[in-house]
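Here the structure comes first, spelled out in structure tokens, and everything after it is commentary.
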There are 4 protein chains.
Amino acid sequence: MSTRPGRAAGRARHNEGVTTTSANSGRSTARAGGTGAGRRRTKGSPALASERREHLVRLAAELFAKKGFQATTVRNIAEEAGILSGSLYHHFDSKESIVDEILSGYFDELTASSRAVVERGGEPREVLSALVRICFDALEPHRAAVTVLQNDWNYLRDMPRFGYLGKAENEVEQLWLAEIERGRQAGIFRADINARLTYRMIRDTIGVTVRWFQPGGSFDAGDLADHYLKVLFDGICVH
Amino acid sequence: MSTRPGRAAGRARHNEGVTTTSANSGRSTARAGGTGAGRRRTKGSPALASERREHLVRLAAELFAKKGFQATTVRNIAEEAGILSGSLYHHFDSKESIVDEILSGYFDELTASSRAVVERGGEPREVLSALVRICFDALEPHRAAVTVLQNDWNYLRDMPRFGYLGKAENEVEQLWLAEIERGRQAGIFRADINARLTYRMIRDTIGVTVRWFQPGGSFDAGDLADHYLKVLFDGICVH
Amino acid sequence: MSTRPGRAAGRARHNEGVTTTSANSGRSTARAGGTGAGRRRTKGSPALASERREHLVRLAAELFAKKGFQATTVRNIAEEAGILSGSLYHHFDSKESIVDEILSGYFDELTASSRAVVERGGEPREVLSALVRICFDALEPHRAAVTVLQNDWNYLRDMPRFGYLGKAENEVEQLWLAEIERGRQAGIFRADINARLTYRMIRDTIGVTVRWFQPGGSFDAGDLADHYLKVLFDGICVH
Amino acid sequence: MSTRPGRAAGRARHNEGVTTTSANSGRSTARAGGTGAGRRRTKGSPALASERREHLVRLAAELFAKKGFQATTVRNIAEEAGILSGSLYHHFDSKESIVDEILSGYFDELTASSRAVVERGGEPREVLSALVRICFDALEPHRAAVTVLQNDWNYLRDMPRFGYLGKAENEVEQLWLAEIERGRQAGIFRADINARLTYRMIRDTIGVTVRWFQPGGSFDAGDLADHYLKVLFDGICVH
DNA sequence: AATGAATGAGTTTTCATTCAT
DNA sequence: AATGAATGAAAACTCATTCAT
């Protein structure tokens, strides 16, 4: 379902407005059609360096999800990886750039999938279902990102570097609003509901799920989506 | 609707399992093994807490809501009050005890109101409506508490001091579950919805509202409740 | 045995070299042959004010003995008395002046008693016994002073205010040394012991006793003295 | 005489019951749930601790001895080392863990030597002499530990972390008591002395010596021991 | 004689980050 | 690619003391 774009094609890094003093400011992944001479530090294959990096990001993601971004120290991450905290700076610019990588990965996928679903078109109820399912489906692969967004949004939103988060959110919102509106015009959705309110309600409800959702527990993300769509479309009352 | 108990009558502070070495842990100064007779600070007013203290709690609450508990420094709070950070410790034991005061105030009220509503009885749909409205109504007076719970729950839940939060949450959950079940038995609520899932969905959705809800904006808490109950009971689809 | 001089006649206060900014610098007890107009703050009888003050000193002494001077806060003392810390400053200049009162009381008595015993004269062995017993006997009434001297001597000795402690110690030491010497000349004490080393050994041993000595326990101060004198004079070996 | 075990072989650190969150609690960096293989910091040298670390401990020990544990600030230590106070935390968890290192080093050695001496057996008088000499001999290499124990015992004894101090003291006491008893049975030591009282007297007297004993002064630790044993065994009186 | 509020200088500790090796 | 040592700025908290009321 997800049209997951390759990393190179996706939105690159998002360090707008950030002064980068060190040499290692951006991602060190290969850039498509790179113009400058990409920093190559790794002697072996670039793929290996990238693997190490991705591994570190995954470790960090887990910690961010478990303890929150602020409460996770660079030392925590390094310990988890079995190295010293200073050594992390060989791979990343800063703690922020790690979380950036995590969040942008999530948003790249979310916006791309959402756009694709809407472009494909179909019954508003089906499209809306698909949008909802995209969010639920992200709960497992992007658990950390969603969690950080839930818990540390307050902290991150004020940082210029993460301005893109708001923009991406907006783009997704517009897609939803249009679809809800379309359903209303078509007489499928009730006229007396407020589209924005409804959107917020749905998105928030899904996001906040990470706080108690256990992958591998009694429900999987699909069950959650089924249940939620049922209530969303028809309410909890018997008709 | 809410039987809102006065602060003085409600459950006081919740520092179970916390050794308090300093003098300012509770509202009335705790004394080690003093020989003198207990001092009553305020003779005239029934309020136990000093006005100054309450004022400081309010200032702190605003900051916690705006920036999060972790991101708010005691200096921030002190500056807001126009004093030095050390002076705050004349009134409070710790930063934690400030947030404790805020959170316990919220939970005292929430559990009391919820219990009262359930005990009064009535149609399940009406009782559930009332429970939902209690949560929405808390959004304004307890904005800070709800916000902190949203953003810093991950951080707070591991602290023994805040174990009571989980317990209070549980109590409320039980009230809701019983009511949903009752509605199902009565054939009012659909048999194919999961009570727990539904509960989490509703509570979370309301709580997360605090992230964008502006008191004094285009919607007030009542509008939100109306809209939400509409969707919750009957869904967004036309029947 | 102790010729305990009245407070008024004893060495007054010892704030040499301390700039006193507040009004209440010295003791407020009546001064013998006072020249200036003594500060009179108490409306009732001066004796009552003095009683309160003495009571506070006793409370402080207990705390100093239990937790050490440095580790005891002014707040601790005030709490014990059932007042607020600031209120203590109505009675005392500073924390230091409280401990000063405790220590000087001890030394006034110690030096006076020791002088008296030596002046009375007699067999060196008897005089030395009496000197030892003075120290043991002080263990109960001056427990706090002895304890503070043991634990906080390092801290206090550098303060000009407490320079008199060293002087008083010296005076006592001279009395002992002379007596030991006299006993040696008389052929009663061995010639091959070092007087100073012996003095230090005895005094220290007695002082350090406060660390485990429990008034009301299996031994009283007299038992300790008996035992110690036995070992001191004749050793632990069978002859 | 002392079987002085090397540091690396002795009982390491004693932070029983203390939750260590940071990385630097022990000598070898504790790691949370690291995946990588354990790192050995020093391959060549058998010493586990870094030289830098040991150097810092020595500096701290001197300051603790001079000013007392409480009165020595981490800033003092850092300044002595020519670094900033925060930098100390690269090497140590806390101020407490520094003093822990100092104290446990002393006790490891003391208990090991004492055990060895007792196990070797011999005349009670000789064994007791050896036990006394162990204590005197520790005065120079473990001056700081002994001093801290003298001055800050009151403060440290209440901390769970330092519970092992009491246990180690107890073990040593038992060794002494058994030896004194053996000497009594053998008719070498007087029957009318109390073993515990005698033990306390001796140990305390030696410990308190640190308050005036100057390594490099007119007496060395051996002289002190000689003199003390003379008095202890035969008393100061001529027989 | 005491309260209640505050000061100010200090404390220990945390932590992202830098950098020579 | 990593270590080991350090920085520096800030954090929470402590506490003797002051002072208007």
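Every chain is numbered from 1, with letters handed out A, B, ... down the list of sequences.
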Sugar-phosphate only, base, or nothing, as touched by S85(D) at under 4.0 Å among non-hydrogen atoms: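 S85(D): base contact, heavy atoms under 4.0 Å.
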Would you mind reporting whether [Y] and [X] have side-chain heavy atoms less than 4.5 Å apart?
X: R52(B); Y: L56(B); result: yes
X: N151(B); Y: Y155(A); result: no
X: S97(C); Y: H91(C); result: no

Between N or O atoms, less than 3.5 Å apart, protein on one side and nucleotides 19-21 of chain E on the other: list the pairs.
none

Minimum-distance pair of heavy atoms, taken over all atoms of L156(B) and L103(B): CD1-CD1, 3.9 Å
Figure out the [atom1]/[atom2] separation between [X] and [N], and round it to whole Å.
X: L88(D); N: dG8(F); atom1: CG; atom2: C1'; result: 14 Å
X: K67(D); N: dG10(E); atom1: NZ; atom2: P; result: 13 Å
X: H55(C); N: dA1(E); atom1: NE2; atom2: P; result: 14 Å

Residue L84(B), side-chain atoms from C-beta onward, closest of dA5(F), dA2(E), dG8(E):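 The listed nucleotide nearest to L84(B)'s side chain is dG8(E).
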Listed nucleotide nearest any side-chain atom of H90(B), set dT3(E), dT3(F), dG4(E): dG4(E)
Counter-base of dT14(E), judged by Watson-Crick or G-U geometry with both distances under 3.5 Å: dA9(F)
For dT21(E), the Watson-Crick or wobble counterpart (both distances under 3.5 Å): dA2(F)
Report all side-chain donor-acceptor pairs from residues 58-72 of chain B shorter than 3.5 Å, counting only partners two or more places apart or in another chain.
{"unit_1": "K67(B)", "atom_1": "NZ", "unit_2": "N76(B)", "atom_2": "OD1", "d": "3.0"}
{"unit_1": "T72(B)", "atom_1": "OG1", "unit_2": "L63(B)", "atom_2": "O", "d": "3.2"}
{"unit_1": "T72(B)", "atom_1": "OG1", "unit_2": "G68(B)", "atom_2": "O", "d": "2.6"}

Any residue of residues 69-78 of chain D with a heavy atom less than 4.0 Å from an atom of DNA chain E: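 Within residues 69-78 of chain D, the residues near DNA chain E are T72(D), T73(D), V74(D), R75(D).
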